[in-house]
Amino acid sequence: MGDIKWACTERLNSDPMVDVSVQNISKTYDEGTVKALSGISFEVEKGELFGIVGPDGAGKTTLFRILVTLLLADAGEAMVNGSDVVKDYKEIRSKVGYMPGKFSLYQDLSVEENLKFFASIFGTTVEENYHLVKDIYVQLEPFKRRRAGALSGGMKQKLALCCALIHRPEVLFLDEPTTGVDTVSRKEFWEMLKRLKSEGITILVSTPYMDEATLCERIALVQEGQIMSIDTPDGIIARYPDQLFAIKSDNMSGLLRDLRAHPEVASAFSFGEYHHITFTDKQKIAEGASSFLATLSHHNLEMHTITPTVEDCFIQLMSHDGR
Amino acid sequence: MDAKNIVISAQDLTKQFGDFTAVDQITFEVYGGEIFGFLGANGAGKTTAMRMLCGLSKPSGGKASVAGFDIYREPEQIKRNIGYMSQKFSLYEDLTIKENIQFFGGIYGLSDRVLKEKSTDLIQQLGLAEHAHTLVGSLPLGWKQKLAFSVAIIHQPSIVFLDEPTGGVDPITRRQFWDLIYEAADQGITIFVTTHYMDEAEYCNRISMMVDGKIAALDSPTALKQEFAAETMDDVFFQLARQAKRKSD
């Protein structure tokens with residue numbers, strides 16, 4: 001056992017491009033009855049923007065807490081920026097920035113005091129790394145004497161990001177930074193992440209929003225403590241096993257019922273304006289969709305082939321897992 | 001959808017906090033059996049408006065009635081005659097499925113006899129008969145959601161308010177939840193729903209979009225996309241929310 005462990009650590013350290021390495025990490029709660037993570041493994045390269053995409057309860061927060069050394073795994077190993085999350089936890093704490101999903105700053109310190117506090121406990125000053133947080137902090141500046149607890153949700157989030165960045169971390173962990181945030185603010189937040197990435201900071205970000213997956217360089221799709229797929233967003237989409245069609249009619253809820261009951265339809269899910277469907281017999285549908293459409297008694301039917309989204313892939317992988 | 005049956009009617013509804021106007025003279029109607037999407041950026045005034053419509057907050061000005069009751073004079077009647085569900089406040093995790101149904105049914109004033117019948121039927125319909133005595137905390141998220149929704153409409157309200165009911169939920173469960181919404185709407189229950197998922201905006205009959213405390217647009221998804229020359233609802237939302245002068249919190 002000792003040999004294997006040594007060999008493993010050696011291999012991980014030997015690749016200078018790997019900044020985060022996770023090997024067979026498992027974690028259970030409540031004396032093993034709740035499985036949060038079931039043997040997951042992946043690597044993140046230096047300077048990469050890596051997304052952990054999955055719903056509530058997928059294990060995203062547990063994973064982040066293990067990687068920032070706030071929680072011990074039951075089994076498995078992990079390295080962050082060349083340090084082991086168990087043995088070298090002190091080094092890791094000074095090298096990572098962590099923005100938890102739940103607001104965790106000092107509510108009764110002001111905006112300015114929080115930022116100064118985080119800079120000083122990491123042995124630096126606000127001035128030294130101000131360029132990193134400048135774009136975000138200027139939006140907070142009008143409220144710098146306001147207590148953090150009295151800030152609105154969007155402002156709290158911006159302050160939390162500043163505090164996680166002020167010591168110029170090597171690796172930044174952002175746990176669901178955009179949950180509950182509207183699409184406009186979400187877009188702004190992702191623009192901010194791209195700028196940080198250009199500074200060479202490795203970023204791990206978790207999100208339940210599938211549409212954000214395409215903004216990452218690589219993503220892991222997670223569900224119930226397991227990774228279903230890891231790749232670039234394009235790579236994940238390219239692996240979608242079927243030809244996907246978009247279909248609509250005048251009566252969308254009726255159409256969905258009819259499609260689900262149709263013997264030639266393998267899967268049917270609503271996707272906004274259209275339903276996305278796959279067929280049991282790919283050959284037959286390739287020869288002509290009109291005979292299929294004739295079997296549906298709907299008005300203004302329209303159907304065309306489409307490229308799957310990451311959400312289509314997620315649904316396909318979940319269904320494949322036997323749900 | 002029945003345009004003659006008006007379930008919500010708001011006229012110049014306004015709420016001020018000091019010199020800040022959170023909701024600024026909004027006027028709209030919601031019809032019986034309609035799925036009405038109530039959208040807007042963070043800080044646009046959605047929550048404040050919704051609290052007034054639920055009888056939880058007194059307006060500073062304007063008029064409104066919900067389910068036939070006046071929001072100034074009859075807030076208690078409103079609370080009794082609407083359903084409400086959010087992801088944050090839904091069920092008691094340390095009560096069983098049956099206990100939760102009985103608790104909420106009791107709060108809504110159902111008699112013991114009706115409640116007994118209802119809870120058996122509901123548990124049966126949800127396919128949870130074997131789990132009636134399981135603590136809600138240990139249920140999968142999808143089940144909890146279905147139960148929370150069923151409990152929110154256990155007293156057969158004419159309207160149910162859903163505040164981001166699908167946040168953080170996996171894509172299959174999210175869609176199953178919308179199946180429930182359609183079913184309820186088919187039974188004539190009006191649905192008033194907020195969401196950050198723009199594909200869900202497409203599932204609504206009509207959508208209102210709040211910007212800086214005002215209703216900046218209100219129409220069907222198709223008409224809105226036409227009006228804004230947009231491919232998707234995401235684009236409509238983006239064009240509207242970008243006009244906001246009030247800093248999004």
Side-chain angles (χ1 to χ4, degrees), chain A residues 30 33-34 54-58 60 101 139 142-143 151-158 176 178-188 207-211 221-224 248 252-254 256-257 260 267-275 309-319 323, chain B residues 35 39-44 46-47 87-88 137-138 140-142 144-145 164 166-176 178-179 181-183 185-186 194-203 205 210-211 221-222 225 231-244 247-249:
Chain A
D30 293 345
T33 53
V34 179
D56 291 356
K60 303 188 298 290
Q139 301 175 45
F143 316 101
L151 291 174
S152 65
M155 286 294 178
K156 277 181 180 165
Q157 185 199 38
K158 285 179 179 129
E176 295 203 23
T178 56
T179 291
V181 175
D182 66 71
T183 51
V184 176
S185 309
R186 277 165 55 195
K187 276 191 182 121
E188 284 174 12
T207 178
Y209 297 110
M210 304 283 151
D211 57 342
L221 301 184
V222 293
Q223 168 75 0
E224 292 175 353
K248 71 171 178 179
M252 290 302 277
S253 58
L256 190 61
R257 270 196 297 272
R260 282 182 183 158
S267 72
F269 291 98
S270 48
F271 266 82
E273 193 185 356
Y274 289 87
H275 298 319
T309 62
V310 170
E311 189 155 357
D312 288 296
C313 299
F314 200 98
I315 289 178
Q316 190 272 329
L317 289 162
M318 273 179 80
S319 312
R323 279 177 60 117
Chain B
I35 302 177
L39 310 187
N42 299 107
K46 292 190 308 275
T47 307
Q87 223 215 331
K88 281 164 217 137
S138 64
L141 191 63
K144 273 190 215 171
Q145 266 206 318
E164 282 183 46
T166 56
V169 173
D170 73 66
I172 293 182
T173 306
R174 197 153 77 78
R175 284 168 176 77
Q176 288 169 348
W178 272 90
D179 291 346
I181 292 182
Y182 279 127
E183 264 173 47
D186 282 346
T194 72
T195 179
H196 283 307
Y197 292 103
M198 283 303 127
D199 60 331
E200 295 185 348
E202 296 272 6
Y203 309 148
N205 298 117
M210 276 189 86
V211 179
T222 314
K225 279 185 285 185
E231 286 275 307
T232 59
M233 280 309 297
D234 199 54
D235 192 17
V236 173
F237 186 91
F238 198 70
Q239 288 189 39
L240 277 165
R242 219 172 32 188
Q243 301 167 2
K247 195 62 216 157
S248 94
D249 333 76

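The chains referred to below are lettered A, B, ... by the order of the sequence lines, with proteins before strands, and numbering in each begins at 1.
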Heavy-atom pair of closest approach, residues B:Gly168 and A:Pro208: CA-CB, 3.9 Å
Contact origin within B:Met198 toward chain A - heavy atom pairs under 4.5 Å: side chain
Residue part contacting chain A, namely of B:Pro221, when any heavy atom lies under 4.5 Å: neither
For the student: nearest non-hydrogen atoms of B:Val169 and A:Pro55, plus distance: C-CB, 3.8 Å
Pairwise side-chain contact, A:Glu311 with B:Arg174, heavy-atom cut-off 4.5 Å (strictly under): yes
Between CZ on residue A:Arg186 and NE2 on residue B:His196, distance to nearest 0.5 Å: 8.5 Å
From B:Ile181 atom CD1 to A:Ser253 atom OG, the distance as rounded to the nearest 0.5 Å: 12.5 Å
Close side-chain approach of B:Asp170 and A:Glu224, heavy atoms under 4.5 Å: no
Basic-acidic side-chain contact under 4.0 Å: B:Asp234, A:Lys187: yes
Proximity of residues 235-243 of chain B to chain A, residues having a non-hydrogen atom under 4.5 angstrom: B:Phe237, B:Phe238, B:Ala241
Pairs of heavy atoms under 4.5 Å with chain A: top-ranked of B:Asp179, B:Thr222, B:Leu141, B:Thr232: B:Asp179
Which atoms of A:Leu256 approach chain B - backbone, side chain, both or neither, heavy atom under 4.5 Å: side chain
Which residues share a ring pair (Phe, Tyr, Trp, His ring centres under 6.0 Å) with A:Tyr274, sequence neighbours left out: A:His304
Donor-acceptor contact present, side-chain B:Tyr203 to main-chain A:Ser270, <3.5 Å: yes
Closest non-hydrogen atom pair, B:Asp199 against A:Phe271: CB-C, 4.5 Å
Sub-4.5 Å side-chain heavy-atom contact between A:Met252 and B:Glu202: no
Close side-chain approach of A:Phe269 and B:Ile172, heavy atoms under 4.5 Å: yes
